[in-house]
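Data first, discussion second: the structure below is written as structure tokens.
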Amino acid sequence: MNTKTDVKDVVWVALLLIAAVCFSIAMGDSLFASSVLISGILCVALTAIGRIEGYAAGMYASCTYAWMAYQNGLFGEVMLNLGFFIPTNIIGFMMWRKKMRDNVVEMRQLIWRHRAMVAAVVILGTLGLGLILSRIPGQNTPYIDASTNVISIIATLLMMWRYKEQWMLYIILNTVSTAMWILRWRAGGASGDLMIVMWMIYLANSIFGYWRWHTGAKKLSAIRDQEAAA
């Protein structure tokens with residue numbers, strides 16, 4: 001059974017990139033803000049189809065998004081991107097490189113008990129970090145910011161370990177992040193409208209990513225059964 005990148009994967013990445021460029025031009029935002037949008041979308045699109053090249057785009061996206069979040073008083077997002085995403089981009093790249101099959105990463109899934117554990121960690125982590133952020137002067141929407149941080153961390157770890165459940169968390173994350181940037185846009189935050197578009201595209205990609213990794217995990221299981229029987 002072949003797990004190579006197929007036509008639907010190429011079409012999906014192309015569609016997201018075209019959407020990113022079109023929205024950037026239509027909104028007339030700065031070149032810097034547009035680069036944040038395009039690099040971020042390229043990162044998540046490549047990850048959704050299991051391509052290791054997504055880590056390269058993710059490195060640039062993490063650095064530039066951190067500056068965008070700093071300008072909007074979202075300090076939890078700044079710390080997350082600079083202190084977590086940059087090192088995990090490097091570590092994740094090395095971990096994925098050892099688990100590639102026909103240029104696509106090997107995809108797997110958690111059992112239900114481990115899914116429940118992940119949910120508990122997300123809830124407790126959000127409450128704890130939200131309390132800390134609420135004490136920082138100038139912090140906006142501390143518990144929303146905390147939830148995006150905690151979910152991002154857990155989802156990234158699941159991504160590094162190649163579990164499809166990362167996409168369940170990304171669906172929640174992208175929904176919350178869209179709401180957070182809507183609040184910042186209504187408050188006059190810098191480039192808020194472009195960030196709303198970016199997170200809405202991320203949401204669509206996370207839904208596609210869950211379907212893609214669900215089928216990918218099933219295919220890998222079938223391949224290993226065939227190899228074991230040979």
Side-chain angles (χ1 to χ4, degrees), residues 1-65 68 81 85 89 92-93 96 100-107 109 148 151-152 155-156 158-159 162-182 185 191-220:
M1 188 174 295
N2 200 331
T3 60
K4 291 183 179 179
T5 303
D6 58 24
V7 174
K8 68 177 179 297
D9 292 339
V10 175
V11 170
W12 180 253
V13 174
L15 285 175
L16 290 192
L17 285 178
I18 291 171
V21 172
C22 290
F23 277 116
S24 296
I25 294 173
M27 292 181 175
D29 220 313
S30 67
L31 182 61
F32 174 77
S34 297
S35 74
V36 177
L37 173 67
I38 294 171
S39 62
I41 288 173
L42 180 60
C43 169
V44 298
L46 290 172
T47 302
I49 64 172
R51 298 286 303 199
I52 197 171
E53 293 87 350
Y55 280 106
M59 182 65 74
Y60 177 83
S62 295
C63 294
T64 52
Y65 181 75
M68 189 77 69
N81 280 269
F85 282 154
N89 269 324
F93 176 85
W96 273 35
M100 302 298 292
R101 185 187 290 259
D102 295 326
N103 297 320
V104 176
V105 74
E106 296 180 346
M107 304 168 185
Q109 62 183 1
T148 61
I151 293 173
S152 293
T156 299
L158 292 177
M159 178 180 71
R162 300 172 287 107
Y163 288 111
K164 75 171 188 181
E165 285 75 13
Q166 63 173 294
W167 297 108
M168 294 180 178
L169 293 182
Y170 280 130
I171 290 171
I172 299 171
L173 169 66
N174 296 331
T175 301
V176 173
S177 295
T178 300
M180 178 180 69
W181 279 102
I182 289 174
W185 173 66
S191 300
D193 53 352
L194 196 63
M195 292 299 99
I196 292 170
V197 170
M198 181 180 78
W199 285 104
M200 289 179 68
I201 294 176
Y202 282 1
L203 177 57
N205 183 73
S206 60
I207 296 171
F208 174 86
Y210 180 80
W211 169 77
R212 180 65 179 82
W213 279 60
H214 176 72
T215 57
K218 290 176 62 177
K219 287 181 180 179
L220 179 60

Inset, instruction - Mind checking the CD1-CG spacing from Ile201 to Leu15? Nearest 0.5 Å is all I need. - result: 11.0 Å

Legend entry - Any donor-acceptor pair under 3.5 Å from Trp213 side chain to Ala48 backbone: yes

Inset, instruction - State, without any angle test, whether Trp12 and Asn205 hold a side-chain donor-acceptor pair at a distance under 3.5 Å. - result: yes

Legend entry - Over all atoms of both residues, closest heavy-atom pair of Ala20 and Ile38: CB-CG1, 4.0 Å

Legend entry - Euclidean distance, Met180 CE relative to Leu173 CG, rounded to 0.5 Å: 8.5 Å

Inset, instruction - Give me the one residue out of Met107, Glu106, Gln109 that meets side-chain contact (heavy atoms from CB on, under 4.5 Å) with Arg162. - result: Glu106

Inset, instruction - Give every residue pair that meets the salt bridge (charged side-chain N to carboxylate O under 4.0 Å, His left out) criterion with at least one member in residues 164-174, sequence neighbours excluded. - result: Arg115-Glu165

Legend entry - Heavy-atom side-chain proximity of Met68 to Phe32 below 4.5 angstrom: yes

Legend entry - Among Thr175, Ile182, Val176, side-chain contact (heavy atoms from CB on, under 4.5 Å) partner for Thr178: Ile182

Legend entry - Separation between CE of Met198 and CZ of Phe23, rounded to the nearest 0.5 Å: 13.5 Å

Inset, instruction - Determine the minimum heavy-atom distance between Leu16 and Ala45, stating which atoms define it. - result: CD1-CB, 3.8 Å

Legend entry - Tyr60 side chain near Cys43 side chain, heavy-atom distance below 4.5 Å: no

Legend entry - Sub-4.5 Å side-chain heavy-atom contact between Ile207 and Ile171: yes

Inset, instruction - Could you tell me whether the side chain of Cys63 reaches within less than 4.5 Å of the side chain of Asn81, counting heavy atoms only? - result: no

Legend entry - Expected output: side-chain Asn174 to main-chain Tyr202 donor-acceptor under 3.5 Å: yes

Inset, instruction - Kindly check if the number of other-residue, nucleotide or ligand heavy atoms within 6.0 Å of CZ (Phe208) is above 12? - result: yes

Inset, instruction - Could you tell me which non-hydrogen atom of Ser206 sits nearest to which non-hydrogen atom of Trp167, and how far apart they are? - result: CA-CE3, 3.6 Å

Legend entry - Contact summary for Val13 and Leu42, nearest pair of heavy atoms: CG1-CD1, 4.4 Å

Legend entry - Side chain proximity check, Val104 to Ile49, heavy atoms < 4.5 angstrom: no

Inset, instruction - Mind listing the closest non-hydrogen atom pair of Phe85 and Thr156 along with its distance? - result: CE2-OG1, 3.0 Å

Legend entry - Thr47 side, atom OG1; Met159 side, atom CE - distance, nearest 0.5 Å: 5.5 Å

Inset, instruction - State the CG-OG1 distance between Leu220 and Thr215, to the nearest 0.5 angstrom. - result: 11.5 Å

Inset, instruction - May I ask you to test the Met200-Ile196 pair for a side-chain heavy-atom distance under 4.5 Å? - result: yes

Inset, instruction - Please round to the nearest 0.5 Å and tell me the distance separating atom CD1 of Ile25 and atom OG of Ser34. - result: 8.5 Å

Inset, instruction - Quick one: closest heavy-atom pair of Trp96 and Arg51, and the distance? - result: CZ3-O, 3.8 Å

Legend entry - Test item: side-chain donor near acceptor, Ser39 and Tyr65, under 3.5 Å: no

